[in-house]
4 protein chains.
Amino acid sequence: MAQGRTTHTLGPHQDPAVDAAVLAATRRLLVEVGYSGMTIHGIAAAAGVGRPAIYRRWPSKAHIVHEAVFPPLTPEWVSENQIENEVRRLVFGTVALFGDPVVREAIPGLMSEMRADPTLQKMLDERLQAGVRDKLTQSLADWTRTGQVRPEIKATTLLDVMAGTAIFALSIRNVDDLESVATSLTDLLLHGILG
Amino acid sequence: MAQGRTTHTLGPHQDPAVDAAVLAATRRLLVEVGYSGMTIHGIAAAAGVGRPAIYRRWPSKAHIVHEAVFPPLTPEWVSENQIENEVRRLVFGTVALFGDPVVREAIPGLMSEMRADPTLQKMLDERLQAGVRDKLTQSLADWTRTGQVRPEIKATTLLDVMAGTAIFALSIRNVDDLESVATSLTDLLLHGILG
Amino acid sequence: MAQGRTTHTLGPHQDPAVDAAVLAATRRLLVEVGYSGMTIHGIAAAAGVGRPAIYRRWPSKAHIVHEAVFPPLTPEWVSENQIENEVRRLVFGTVALFGDPVVREAIPGLMSEMRADPTLQKMLDERLQAGVRDKLTQSLADWTRTGQVRPEIKATTLLDVMAGTAIFALSIRNVDDLESVATSLTDLLLHGILG
Amino acid sequence: MAQGRTTHTLGPHQDPAVDAAVLAATRRLLVEVGYSGMTIHGIAAAAGVGRPAIYRRWPSKAHIVHEAVFPPLTPEWVSENQIENEVRRLVFGTVALFGDPVVREAIPGLMSEMRADPTLQKMLDERLQAGVRDKLTQSLADWTRTGQVRPEIKATTLLDVMAGTAIFALSIRNVDDLESVATSLTDLLLHGILG
DNA sequence: TCTTAAACGAGACGGTACGTCTGGTCTTGAA
DNA sequence: TTCAAGACCAGACGTACCGTCTCGTTTAAGA
């Protein structure tokens with residue numbers, strides 16, 4: 001994929017084409033063979049790249065997948081004032097993210113390796129949650145002050161529920177109807193279950 | 001060679017002591033070295049058992065862990081009429097289950113391998129959810145009829161939220177304060193976030 | 001894991017030092033534990049080499065032993081004109097070859113596996129007999145023409161007798177007196193048994 | 001094969017039908033899968049017999065094969081006075097014995113295991129050679145006294161040549177023309193190679 | 001007739017070698 | 001200093017066979 005076949009084009013500088021080829025191959029392989037079916041050798045072969053070129057860039061399969069799967073920029077998720085719209089946007093965004101077929105495959109594997117690698121844990125937290133958590137904490141404070149939200153509600157609980165539910169429904173139960181999952185969760189979050 | 005040094009006590013029947021030793025060793029190793037650090041050879045050695053005795057019983061590490069971690073009987077979880085108490089009991093039960101250190105280690109690994117092994121997916125679903133789901137569906141129907149619960153609420157959504165949140169907070173974020181997690185989640189489920 | 005502890009010195013080329021170490025270890029183990037007591041793992045360990053490095057080079061234990069035991073060059077065995085001297089040299093050479101302690105151990109094992117592996121059969125034939133057979137056939141033709149040898153004598157019979165007798169006496173009966181075996185066989189071949 | 005399937009007919013006595021079934025299965029398997037392809041389990045299954053019944057009778061595969069392949073009685077081989085006829089009879093008998101397809105397969109395996117098991121070595125020697133060697137020694141003494149045989153000829157040399165040549169030609173080179181092998185060897189033994 | 005003792009088929013047991021695969025490190029030779 | 005290629009060691013994988021052992025049944029021989 002990268003180029004020629006047995007040649008490369010940059011002298012003593014890392015070739016960006018290698019990065020791109022590896023990440024693209026990773027995304028492709030994730031849906032083809034799954035996280036656990038993926039090997040470094042397999043990625044290298046699919047990317048048309050030598051294995052050392054991969055080890056030079058990432059310390060483990062989890063790090064490759066992490067970079068391949070999650071966009072490098074945290075999107076501007078929390079911004080509205082209207083609380084219903086805001087929660088709806090957060091839930092639909094979360095469900096859309098974890099509903100991507102590539103992410104569905106990647107998440108359980110990443111979670112599994114996170115437990116043994118705190119580095120990875122931190123990277124994933126920062127990439128996926130930290131920004132949103134801070135903003136959501138601030139928004140909740142505002143909403144609580146204005147009485148829009150009950151004071152018992154904490155940002156971490158909300159994020160646990162949104163991410164956990166999405167992961168469970170999409171990566172574990174493998175549900176296909178994203179719309180339904182997001183709608184039900186939004187309703188539940190906003191109103192609770194009591195009639 | 002010098003082989004057959006030790007004895008066993010059951011003729012052509014599988015020795016329950018081997019099962020017990022393997023499952024106990026699995027639980028012990030889960031917290032000591034983690035799911036991914038565990039090998040079949042390691043389990044066999046820790047259990048004082050030959051590897052073939054393990055392969056005779058379980059087809060993969062995930063199946064061993066599954067049996068080691070989850071009790072063979074589905075507890076009588078859903079039974080009360082008082083909806084608040086019932087939800088509280090469900091949430092606290094779920095949090096207690098997924099908060100067990102052994103389960104915390106096991107869950108991400110199991111989830112990862114479930115995606116590649118539908119057998120495992122089915123086993124876990126039946127072991128953990130099927131019974132509760134049926135009962136909860138029935139209870140919800142009753143509660144909805146009596147107006148205690150809003151009609152939009154579905155059993156699958158509730159279970160996704162409870163299990164997903166517990167897994168995310170306990171296995172992924174590794175939170176230690178089970179009480180707080182359960183209390184917050186119960187409150188959120190019952191009342192929603194709106195003031 | 002802590003891996004890749006040691007180094008090797010040739011890039012993408014097979015390291016001749018590995019070949020040498022394996023073959024030397026094989027020769028050593030042959031006399032220490034015998035052919036059937038030798039395992040690929042044992043050879044690898046004794047040679048300080050990984051098992052895959054062995055499987056990369058030889059398809060079976062028999063092939064390793066074959067290469068370890070027999071020198072890669074067919075010596076210049078058949079060359080003299082004086083028939084008595086020539087036969088004496090052939091017999092003594094054969095007895096010396098099969099009398100080597102390493103060869104004594106290797107031969108029965110190799111023979112056993114040859115029956116199931118035609119590849120091995122061909123390799124051993126070419127290595128040990130083909131060259132000698134051709135030369136001996138030619139010499140016999142000369143000698144027959146000059147009346148030095150009876151016309152009934154065939155090269156294959158001579159080689160069967162020399163190799164078979166040496167193997168039987170040395171590898172099977174484990175006789176130690178090479179000199180006596182060679183002398184008796186030479187006498188018998190030259191003069192037959194009739195008085 | 002032996003009988004019924006899960007029953008046997010003798011009380012606390014070994015069932016001769018089991019012996020017979022095992023030996024017959026061994027002979028059959030030898031030509032079907034070869035010595036090294038044969039397992040105790042395979043023999044037991046082919047004989048319709050449990051493995052312990054085999055271990056109760058023979059200590060190793062080699063011992064089974066030994067008994068399966070060689071007739072329990074040493075035939076009356078050495079008996080004639082006419083030396084040419086006697087040698088011819090010995091050679092043809094030896095070639096016929098080692099030319100049997102079952103024996104061809106068995107010999108290299110047995111030879112291989114003999115080196116590690118002196119018991120086996122002794123059994124085979126007694127079964128195949130001891131009787132013949134004594135008689136031949138005596139006959140040679142007579143023939144030497146009457147000048148029919150050159151005094152240098154020893155019985156062990158003759159037996160090494162006959163057995164070794166037969167094994168090499170038939171088990172190793174896998175020659176099919178028994179007649180030719182026996183005729184050539186007889187001629188060589190009687191007259192030597194000199195014209 | 002009843003008891004004892006041994007052989008039987010079946011198959012689990014601990015152990016170990018097999019041959020394959022993956023992980024992570026290193027060196028080559030070219031660019 | 002990068003690159004592709006690939007050899008290297010370490011070690012886990014799942015399979016197969018080994019030789020031992022126990023089970024539960026069956027049966028002959030001794031009491």
Side-chain angles (χ1 to χ4, degrees), chain A residues 2-15 17-18 39-42 44 48-56 59-61, chain B residues 1-15 17-18 38-42 44 48-57 59-61, chain C residues 1-15 17-18 38-42 44 48-57 59-61, chain D residues 2-15 17-18 39-42 44-45 48-57 59-61:
Chain A
Q3 73 268 57
R5 181 90 316 205
T6 54
T7 67
H8 62 111
T9 49
L10 288 181
H13 311 300
Q14 285 200 341
D15 183 348
V18 170
T39 67
I40 303 279
H41 174 84
V49 145
R51 264 187 306 149
I54 293 184
Y55 285 114
R56 225 172 280 128
S60 83
K61 187 169 76 170
Chain B
M1 311 290 171
Q3 287 164 331
R5 282 165 198 141
T6 52
T7 62
H8 64 114
T9 48
L10 289 180
H13 310 303
Q14 288 198 337
D15 185 347
V18 170
M38 226 170 41
T39 65
I40 303 277
H41 173 82
V49 145
R51 252 180 323 140
I54 292 184
Y55 287 114
R56 251 192 298 277
R57 288 168 169 78
S60 82
K61 188 170 74 170
Chain C
M1 311 290 168
Q3 290 165 331
R5 281 163 199 143
T6 52
T7 63
H8 64 114
T9 48
L10 290 179
H13 310 302
Q14 287 197 338
D15 185 348
V18 170
M38 225 169 42
T39 66
I40 303 277
H41 174 84
V49 146
R51 256 182 313 145
I54 292 184
Y55 286 114
R56 224 174 280 130
R57 289 168 168 80
S60 82
K61 188 169 76 170
Chain D
Q3 72 268 56
R5 178 92 316 206
T6 54
T7 67
H8 63 112
T9 49
L10 289 180
H13 309 304
Q14 287 199 338
D15 184 348
V18 170
T39 67
I40 302 279
H41 175 84
V49 145
R51 264 185 309 143
I54 293 184
Y55 285 114
R56 224 173 279 129
R57 290 168 167 80
S60 82
K61 186 170 77 170

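First the proteins, then the strands, lettered A, B, ... as listed; each starts at 1. Since the model is a prediction, treat every value here as computed from it, not as a measurement.
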Expressed in angstrom and rounded to an integer, what is the separation of [X] atom [atom1] from [N] atom [atom2]?
{"X": "D:Asp15", "N": "F:dT26", "atom1": "CG", "atom2": "C1'", "answer": "12 Å"}
{"X": "B:Ile40", "N": "E:dT20", "atom1": "CD1", "atom2": "P", "answer": "21 Å"}
{"X": "B:Gln14", "N": "E:dG14", "atom1": "CD", "atom2": "P", "answer": "11 Å"}
{"X": "A:Ile54", "N": "E:dG23", "atom1": "CD1", "atom2": "P", "answer": "10 Å"}

Mind checking the CD-CZ spacing from D:Gln14 to D:Arg57? Nearest 0.5 Å is all I need. 4.0 Å
Nearest 0.5 angstrom please: C:Lys61 NZ to C:Ile40 CD1, how far? 7.5 Å
Taking the minimum atom-to-atom distance to the side chain of [X], which one of [options] wins?
{"X": "B:Tyr55", "options": "E:dG23, F:dG14, F:dA7", "value": "F:dG14"}
{"X": "D:Ala53", "options": "E:dG9, F:dA12, F:dC9", "value": "E:dG9"}
{"X": "B:His13", "options": "F:dC18, F:dC23, E:dA7", "value": "F:dC23"}
{"X": "B:Pro52", "options": "F:dA16, E:dT22, F:dC8", "value": "F:dA16"}
{"X": "A:Val49", "options": "F:dC8, E:dC13, F:dA4", "value": "F:dA4"}
{"X": "A:Arg56", "options": "F:dC3, E:dC13, E:dG11", "value": "F:dC3"}

By nearest-heavy-atom nucleotide on DNA chain E, the more 5' of D:Gly50 and C:His41 is D:Gly50
Is D:Arg51 side chain donor-acceptor paired with the E:dG9 base, going by distance under 3.5 Å alone? no
What pair of heavy atoms forms the shortest contact from [X] to [Y], and how long is it?
{"X": "C:Ala44", "Y": "C:Gly50", "answer": "CB-C, 4.2 Å"}
{"X": "D:His41", "Y": "D:Arg51", "answer": "CA-CD, 3.8 Å"}
{"X": "B:Val49", "Y": "B:Ala53", "answer": "CG1-CB, 3.9 Å"}

With sequence neighbours left out, the residues meeting side chain to side chain donor-acceptor pair (under 3.5 Å) with D:Arg56 are none
State which residues pass side chain to side chain donor-acceptor pair (under 3.5 Å) with B:Ser60; sequence neighbours excluded, sorted by chain then number. B:His63
Starting at the 5' end of DNA chain F, which residue's closest nucleotide do you reach first, B:Ser60 or C:Gly48? C:Gly48
Determine to 10° how strongly the helix from E:dT1-F:dA31 to E:dA31-F:dT1 is bent, judged from the axes of its five-pair ends. 20°
